[in-house]
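To start, the structure itself, in structure tokens.
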Amino acid sequence: MGKRYDVEYKEYVCRLVVEEKRKMSVVSRELDIPYDTLVRWVRIYKKNDQWRKIHRKNEPPVKEKPSYRTPSDYEKEPKQREKDIARLQEENDILKKAMHVFTKNRE
């Protein structure tokens, strides 16, 4: 009987091939996944609608799933954090001004 892989892992492997532009043969060898299986996953992944229908419909509910992240995810993270920090600082400034307006003595 063959190995069973969870949906997140399959998506991670497909993202390595599609988004990271890694060769399927190399990924197949590195992760010990049969080449034909990887080709099938990537073909279905590229047709995003089919991927969700096939892999997400009978997925058992799990509280915490492992998060598989590609190298580009790690590169995007600092930029996203900077945007979040800037947004939060702006919200904080607005709240400070509002607090000042509402706490000011009305004469």
Side-chain angles (χ1 to χ4, degrees):
M1 189 164 152
K3 289 183 180 179
R4 298 280 181 189
Y5 301 97
D6 66 338
V7 176
E8 280 198 356
Y9 185 72
K10 290 178 184 179
E11 287 181 21
Y12 164 72
V13 173
C14 291
R15 288 177 61 208
L16 285 176
V17 173
V18 175
E19 295 175 10
E20 301 292 323
K21 308 282 191 235
R22 297 196 46 199
K23 291 186 175 185
M24 280 196 242
S25 58
V26 174
V27 173
S28 173
R29 263 194 316 272
E30 287 177 353
L31 301 176
D32 195 28
I33 298 172
Y35 182 79
D36 295 335
T37 302
L38 184 58
V39 169
R40 187 177 70 247
W41 290 355
V42 170
R43 188 177 338 117
I44 294 172
Y45 181 79
K46 286 181 179 178
K47 298 176 185 177
N48 205 3
D49 294 335
Q50 282 187 350
W51 181 265
R52 287 191 187 100
K53 288 178 188 175
I54 293 171
H55 294 290
R56 294 282 183 182
K57 66 179 178 184
N58 293 325
E59 187 178 56
V62 178
K63 289 184 180 179
E64 287 192 31
K65 298 179 185 176
S67 179
Y68 300 103
R69 298 173 64 186
T70 61
S72 65
D73 291 339
Y74 287 106
E75 292 171 4
K76 293 175 189 174
E77 192 172 277
K79 294 176 187 175
Q80 184 60 40
R81 283 190 180 155
E82 288 176 10
K83 287 181 184 178
D84 290 342
I85 290 171
R87 181 182 51 80
L88 291 171
Q89 285 175 338
E90 183 180 348
E91 288 177 8
N92 197 17
D93 291 341
I94 291 170
L95 290 172
K96 283 181 183 178
K97 289 177 185 176
M99 184 182 72
H100 178 70
V101 169
F102 289 121
T103 58
K104 194 176 188 182
N105 289 334
R106 298 198 180 222
E107 295 177 7

*At what distance, to the nearest 0.5 angstrom, does CZ of Arg43 lie from SG of Cys14?*
11.0 Å
*asked:* Going by ring-ring contact (aromatic ring centres under 6.0 Å, His included), name the residues that satisfy it together with Tyr9, two or more places apart in sequence or in a different chain.
replied: Tyr5, Tyr68
*Roughly how far apart are Asp73 CG and Glu75 CD, rounded to 0.5 Å?*
9.5 Å
*Which heavy-atom pair separates Arg69 from Tyr12 by the least distance, and what is that distance?*
O-CE1, 3.4 Å
*Residues Asp36, Arg40; criterion side chain to side chain contact (heavy atoms under 4.5 Å, CB included); working and verdict*: CA-CA 6 Å; Asp36 295 335; Arg40 187 177 70 247; 5.9 Å; no
*Residues forming a side-chain contact (heavy atoms from CB on, under 4.5 Å) with Gln80, sequence neighbours excluded*: Lys83, Asp84
Name each donor-acceptor pair under 3.5 Å that joins a side chain in residues 19-34 to protein atoms two or more places apart or in another chain, with its distance.
residue : atom : partner : partner atom : Å
Glu19   : OE1  : Arg15   : NE           : 3.3
Glu20   : OE2  : Thr70   : OG1          : 3.4
Glu20   : OE2  : Ser72   : N            : 3.2
Glu20   : OE2  : Ser72   : OG           : 2.6
Arg22   : NH2  : Glu30   : OE1          : 2.3
Arg22   : NH2  : Glu30   : OE2          : 3.0
Ser28   : OG   : Ile33   : O            : 2.4
Ser28   : OG   : Tyr35   : N            : 3.4

Identify each donor-acceptor pair in which a side-chain atom of residues 87-99 lies under 3.5 Å from a protein atom, sequence neighbours left out, and give them as a table.
residue : atom : partner : partner atom : Å
Arg87   : NH1  : Glu91   : OE2          : 3.1

